Protein chains: 2
Amino acid sequence: MPSNIYSNTDKILIAVDCIIFGFDKGALKILLIKRDFEPELGKWSLMGGFLKEEENLDEAAIRILYDLTGLRTIYMEQLYTFSKVDRDPVARTLSVAYYALIDIAMHDKELIQNHSAQWFSLDKAPDLIFDHNKMVEKAIARLKRRALSKPIGFELLPPKFTMRQLQKLYESILNKKLDKRNFINKINSFGILVRLDEKDTNASKKGAYLYTFDKVKYDEKVLEGFNFKI
Amino acid sequence: MPSNIYSNTDKILIAVDCIIFGFDKGALKILLIKRDFEPELGKWSLMGGFLKEEENLDEAAIRILYDLTGLRTIYMEQLYTFSKVDRDPVARTLSVAYYALIDIAMHDKELIQNHSAQWFSLDKAPDLIFDHNKMVEKAIARLKRRALSKPIGFELLPPKFTMRQLQKLYESILNKKLDKRNFINKINSFGILVRLDEKDTNASKKGAYLYTFDKVKYDEKVLEGFNFKI
DNA sequence: TCAAAAGTGTTCTGTTTACACCCATGG
DNA sequence: CCATGGGTGTAAACAGAACACTTTTGA
């Protein structure tokens, strides 16, 4: 901490920007908004806002995400603080990036449309303003690391899902094809899934078993971590 | 980014606090300073300072660390941004924590003494001001993760070191005893060490071979990462 | 001569990988 | 009746874990 006094030090604006991940139709997506204000009006950017005097960063991130999606109890984590001096052309601003995982089916679609926001597959996302591309890159790397060390899926999938959906989620996060049998053996070895007596016949004639997460065991595994390595 | 204008938003002080790790006599240590100013005069804290208008966070962290240790080319990484509203009783302040790895033998001892700073073994460190204990905790967890996924030691050990020193370093980071033979086999499988024709006879009568890192292969492994798992 | 640290390989066990066929059903 | 996606097991290769004795030499 300081060896000078607080009074003659520089105060700076703090932005919070959110990388919001969702999963839909077998692909990992991010939520972007089209800016309706200067600078960079009309360009795509992450959802963000400024930190207020009376809240901490987590609270700011939750508030900002709620304003856009209407969702409150979702998974969010602080990612990194970006501080390049000229990162924002208008004023010196630090931005603390957060990433969030949400179930696309749960969000408030109207809210999102009112913000002229849109979901983009990772490989089809447009160029973003400022240093937002870097933020997204870092968030993807973090998500990948997380997927390899802890269970993931509860936050991104609907309450009931098929084994194939879960595999596709992992494939799109890790960005590689996985072997069906090895994936199932591995995921079952963690004991975090419950197979229901229901089938989903949307994708196949035979129908695929639906699963849910055993939330107790899931949370245990989140705490202790594991080595996915597949 | 903002959906309001920049002008009526809150500006906030940004501190940068550094968790400085060193390794000496078989134990992992951190560098702490005794505060000679209010608030919390006389208590132990991390080394820190405030971000200036014309620098980014990495630059601030480097500057602050140089002021204390006289070292410039060391390993530093941003850890996390702490933002509890009342974390600093004097003013609303965000603190961006950085952690650094340095070779204890290389630093400027006088500089450190002039700052009334001192090295503490992790288990003997005093209570720290504000949220600095939390910062240290998080830094240790990060260092642990790093040691399991990338080579570590170049930054913390002297240029020549024994296999036993390297093992002790891992043991003190991972906080558990490792099997001597398994450790050597594993570390050799990475091909990042060069055995010299010199021996160190400080610790034993027989003398232990000295090693250096093959910096090229070391850096390759830093980039690609590995799975230590031992 | 003995105490203290250094050096060195093998076996066993568990995990990861690669791989192919039958099933159910709607169109 | 056949195209489409769903479900299932095993063997080979590899990586991790456990483990004990000999060497050197200064005191």
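All values derive from a computational prediction rather than experimental measurement. Proteins come first, then strands; the chains are lettered A, B, ... in the order of their sequence lines, and each starts at number 1.
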*Asks:* Scan A:I19, A:D58, A:D17 and name whichever one has a side chain to side chain contact (heavy atoms under 4.5 Å, CB included) with A:Y98.
*Replies:* A:D58
*Asks:* Measure centre to centre between the rings of A:F23 and A:F21, then say whether the value is under 6.0 Å.
*Replies:* no
*Asks:* If you assign A:M163 and B:F228 each to the DNA chain D nucleotide with the nearest heavy atom, which residue ends up on the more 5' nucleotide?
*Replies:* A:M163
*Asks:* How long is the line joining CD1 of A:I184 and P of C:dA18, in whole Å?
*Replies:* 17 Å
*Asks:* Given atom NZ of A:K168 and atom C1' of D:dG5, what is their separation to the nearest angstrom?
*Replies:* 11 Å
*Asks:* From C-beta outward on B:K205, which listed nucleotide comes closest to its side chain: D:dC19, D:dG5, D:dG26?
*Replies:* D:dG26
*Asks:* Does B:R181 make a side-chain donor-acceptor contact with the base of D:dA17, cut-off 3.5 Å?
*Replies:* no
*Asks:* Would you please indicate yes or no on a ring centroid separation below 6.0 angstrom for A:Y209 and A:Y211?
*Replies:* no
*Asks:* What's the closest nucleotide to the side chain of B:N182 if the choices are D:dA17, C:dT16, C:dA6?
*Replies:* D:dA17
*Asks:* Is the centre of the B:F213 ring less than 6.0 Å from the centre of the B:F161 ring?
*Replies:* yes
*Asks:* Please give, in whole Å, the distance from D:dT24 P to B:N202 CG?
*Replies:* 20 Å
*Asks:* For the pair made of NZ in A:K177 and C1' in C:dC19, what is the distance, rounded to whole Å?
*Replies:* 17 Å
*Asks:* For DNA chain D, whose closest nucleotide is more 5', that of B:S204 or that of B:D179?
*Replies:* B:D179
*Asks:* Report yes if the distance between the aromatic ring centroids of A:F154 and A:Y75 is under 6.0 Å, otherwise no.
*Replies:* no
*Asks:* Rounded to whole angstroms, how far apart are OH on B:Y211 and C1' on C:dA6?
*Replies:* 10 Å
*Asks:* So, is A:R164 close to the D:dG6 phosphate, meaning a side-chain N or O under 4.0 Å from OP1 or OP2?
*Replies:* yes
*Asks:* Could you tell me how far apart A:N185 (CG) and D:dA11 (P) are, to the nearest whole angstrom?
*Replies:* 14 Å
*Asks:* What nucleotide among C:dT16, C:dG7, D:dG9 has an atom nearest to a side-chain atom of A:K186?
*Replies:* C:dT16
*Asks:* Under 4.0 Å between a side-chain N/O of A:R195 and OP1 or OP2 of D:dT8, yes or no?
*Replies:* yes
*Asks:* Within this structure, what is the CD-to-P distance between B:Q165 and C:dG7, rounded to whole angstrom?
*Replies:* 12 Å
*Asks:* Can you tell me the distance, in whole Å, between the CG atom of B:N227 and the C1' atom of D:dA17?
*Replies:* 15 Å
*Asks:* Go through the N and O atoms of the side chain of B:K206 and the base of D:dT23, and report whether any donor-acceptor pair is under 3.5 Å.
*Replies:* yes
*Asks:* Report yes or no: is there a donor-acceptor pair, N or O only, under 3.5 Å between the side chain of A:K180 and the base of D:dG7?
*Replies:* yes
